[in-house]
Protein chains: 2
Amino acid sequence: MTGASKRAGITDVAKLAGVSLSTVSRAMNGNPTVDPALAARVLAAAQELGYTANPVARSLVLGRTQTVAVVIPDLENPTFQAILRGLSRAATLDGYHVLIADSVEDLAEERALAGTTRRRTDGVILCSPRMPQDELTALLPTLSPVVVINRGVQDGAPVVAADYGAALRELIEHLVAEGHRHLLYLAGSTRSASHVARQEAIARALADHDDLVIDELPAGVGFDSGTAAADGVLDSGATAVLAFNDLVAMGLLSELTTRGIRVPEQLSIVGFDDIPFAAYTSPPLTTAAVPASELGERAWQAMQALLQDEEPTPFQTLSPQLIVRGSTAPPHA
Amino acid sequence: MTGASKRAGITDVAKLAGVSLSTVSRAMNGNPTVDPALAARVLAAAQELGYTANPVARSLVLGRTQTVAVVIPDLENPTFQAILRGLSRAATLDGYHVLIADSVEDLAEERALAGTTRRRTDGVILCSPRMPQDELTALLPTLSPVVVINRGVQDGAPVVAADYGAALRELIEHLVAEGHRHLLYLAGSTRSASHVARQEAIARALADHDDLVIDELPAGVGFDSGTAAADGVLDSGATAVLAFNDLVAMGLLSELTTRGIRVPEQLSIVGFDDIPFAAYTSPPLTTAAVPASELGERAWQAMQALLQDEEPTPFQTLSPQLIVRGSTAPPHA
DNA sequence: CTGTTAGCGCCTTCAA
DNA sequence: TTGAAGGCGCTAACAG
């Protein structure tokens, strides 16, 4: 029995190569002040022992972990999944690791996770943080470097956001162009920043069209919120529904289909986000395509800039794109 | 200007409380051998300075990071997302963090990521690893502690897997019971372990039913694979299709609908996984519900056991459940 | 019960 | 160009 041989440390390599620790360190890090022959000898020794510098030890001395944290409200939401994916892939390309933290829509968790994860990483990206603005304002400085996704302009943190207001506005105009004059907005998480942006978009649309009516019905953010809203939708008398997101739209669509109500003949429905499944419902969903994975990518770029002491764009907006599919049509006479 | 005050370290707390570093360390870690009064004084000082032990430094000295890595083949796949979610939430409850690594279905990346992430964490969970068995066998010992999801029994790592074979078998029996005798299996990633399990299930079904025919058509794992398979499906003459997963089924369903072919009247389709959207297609998809998030949870439990030097179950299987919805019916005469 | 003394594994001045 | 020495911030013997 040779026993379980422990992983090789820098000392082992130094010994095998017959040099000092410092030389090994320098060689491993490609420091040009090392004699090429010596460096080669060191690298060979390292290879032979399968040596790689312990990342934790490096992190301690260098003060950086090559890792960033992403705090998201709900790992179950397709949009957040897409953001995470874009972010993760972009960060990986730059040699960074990603620590995820799912706050499960819990405000206290969100606050706590941001702080905890920040300490073991080089920066944190807050995705659609649910906490109120004053809390966020107080938290951001303690988290620096930090990037925020989907909130308004912030002091002390670059923001990358989708323009929810503009997108909703396009959706509304599409419906108006089709001839609808009585819409119903199914409101989702009122804590989300996009809620505010949407309210404003609605107000502006109302101001622009004298004969337009837009009712609002509080709903939620998932399938079930959509199915649960069916009664309210039918009672409202609206000819078209603006769902908070595609999930809600799908839930509603499914419930209406079950009840024998035909979409879009009897009622038009639009979703929001354009999750991958929106194209596969019957009828396929008219929606606004939020470039979620690109949002994640941009957020990483902002973080990357911060990490390199560069000046990132303080506030950038990505425009969702109107996708007209089969769930909208002119109202029936 | 007081300047940017650096984060408080253990020394600052020691100074403020008028004790030694060790006492602060002990107090902070709830070591009972500290005089209660002193401990209180230390905690107060820590609180005043907003002190929390640097996790990186602790990791170095303690030899553990309170973090585990999860390597998955594709962050875009709903099933992996669900596994990740279950795992992440379970780990969080036990005070662990999760580092994610998306190999983007790249074999070399998968191998590399496993090693890299392992070094900055206390263990790694390999989710549906794509690498061949001999490579996996060679890799596992270098990764210990390690847990594997969705592969066959392994030496040196507990495995948590869904019983794909049994589930496919149920799907087939359902179709046979409906009267189908000519099925078509749309094969997905042949590198996935579940592919093998499914082949076996098909073989057994064939052995049990003399008059049954099951053709196989290579496809892929996403929507597009489903739409692309439409021609082949139609040409096959089969009356029912076993899609590799719900995504493929949805792609196919959508394409057939576009072509005016009615499901399930003219053709039955079954999916696999029961992703959240499977219930919202038209018709809703008959499928096998793989308890993905529970798979993640179980994987965490196995890892947790390993981390505590306990003996985890070496191989456990979760049974998907047959979900009969509207996409299957008897074949038309 | 508390303080002093070594490290954890590595990088980086500082001399030589 | 290389080696020796001193930390990074914390925990854990080991004495007192």
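Each chain gets a letter, A, B and so on, in the order its sequence line appears, and its residues count up from 1.
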>> Under a 3.5 Å distance rule, please check whether B:R26 uses its side chain to pair with a backbone N or O of B:N31 as donor and acceptor.
In response: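 Side chain of B:R26 to backbone of B:N31, a donor-acceptor pair under 3.5 Å: no, none is there.
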> For B:V61, does its backbone N or O pair with a side-chain atom of B:R58 as donor and acceptor, under 3.5 Å?
Replying inline: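 Flag not set: sc B:R58 to bb B:V61 has no pair under 3.5 Å.
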>> Students often get this wrong, so: under 4.0 angstrom with heavy atoms, is B:V34 touching a base, only sugar-phosphate, or nothing?
In response: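 The answer is sugar-phosphate, as B:V34 gets under 4.0 Å only of primed atoms, P, OP1 or OP2.
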Starting from [atom2] on [N], measure out to [atom1] on [X] and report it in whole angstrom.
X	N	atom1	atom2	result
A:R41	D:dT1	CZ	P	16 Å
A:N31	D:dT1	CG	P	10 Å
A:N29	C:dC11	CG	P	5 Å
B:D122	C:dC8	CG	C1'	15 Å

> Between the side chains of B:Q81 and A:R85, does any donor sit under 3.5 Å from an acceptor?
Replying inline: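 No, A:R85 and B:Q81 have no side-chain donor paired with an acceptor closer than 3.5 Å.
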> Cut-off 3.5 Å, side chains only: do B:S293 and B:E297 have a donor facing an acceptor?
Replying inline: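 No, no side-chain donor-acceptor pair sits under 3.5 Å.
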> Who pairs with B:Y51 by ring-ring contact (aromatic ring centres under 6.0 Å, His included), at least two apart in sequence or on another chain?
Replying inline: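 By the ring-ring contact (aromatic ring centres under 6.0 Å, His included) rule, B:Y51 matches no residue at all.
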> Which of residues 49-69 of chain A sit near DNA chain D, with a heavy atom under 4.0 Å from it?
Replying inline: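 Listed by number, they are A:L60, A:V61.
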> Considering only heavy atoms, which members of residues 10-23 of chain B lie under 4.0 Å from some atom of DNA chain D?
Replying inline: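 Under 4.0 Å from DNA chain D: B:I10, B:S22.
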> Of the nucleotides D:dT1, C:dT12, C:dT2, which has the atom closest to the A:S25 side chain?
Replying inline: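 Looking only at side-chain atoms, A:S25 lies closest to C:dT12.
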>> Show me the pairs that pass salt bridge (Lys or Arg N to Asp or Glu O under 4.0 Å) and involve residues 103-115 of chain B, at least two apart or across chains.
In response: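 Qualifying pairs, neighbours excluded: B:E105-B:R130, B:E105-B:R191, B:R111-B:E135.
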Side-chain donor/acceptor pairs under 3.5 Å, residues 299-307 of chain A, sequence neighbours excluded:
from   : atom 1 : to     : atom 2 : distance (Å)
A:W300 : NE1    : A:D94  : OD2    : 2.6
A:Q304 : NE2    : A:D94  : OD2    : 3.4
A:Q304 : NE2    : A:Q308 : OE1    : 3.3

> Is a donor-acceptor contact shorter than 3.5 angstrom present between the side chain of B:R26 and the base of C:dG3?
Replying inline: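 Result: at least one qualifying N/O pair found.
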>> Restricting to side chain to side chain donor-acceptor pair (under 3.5 Å), what partner residues turn up for B:D74, sequence neighbours left out?
In response: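 B:D74 satisfies side chain to side chain donor-acceptor pair (under 3.5 Å) with A:R89 once adjacent residues are dropped.
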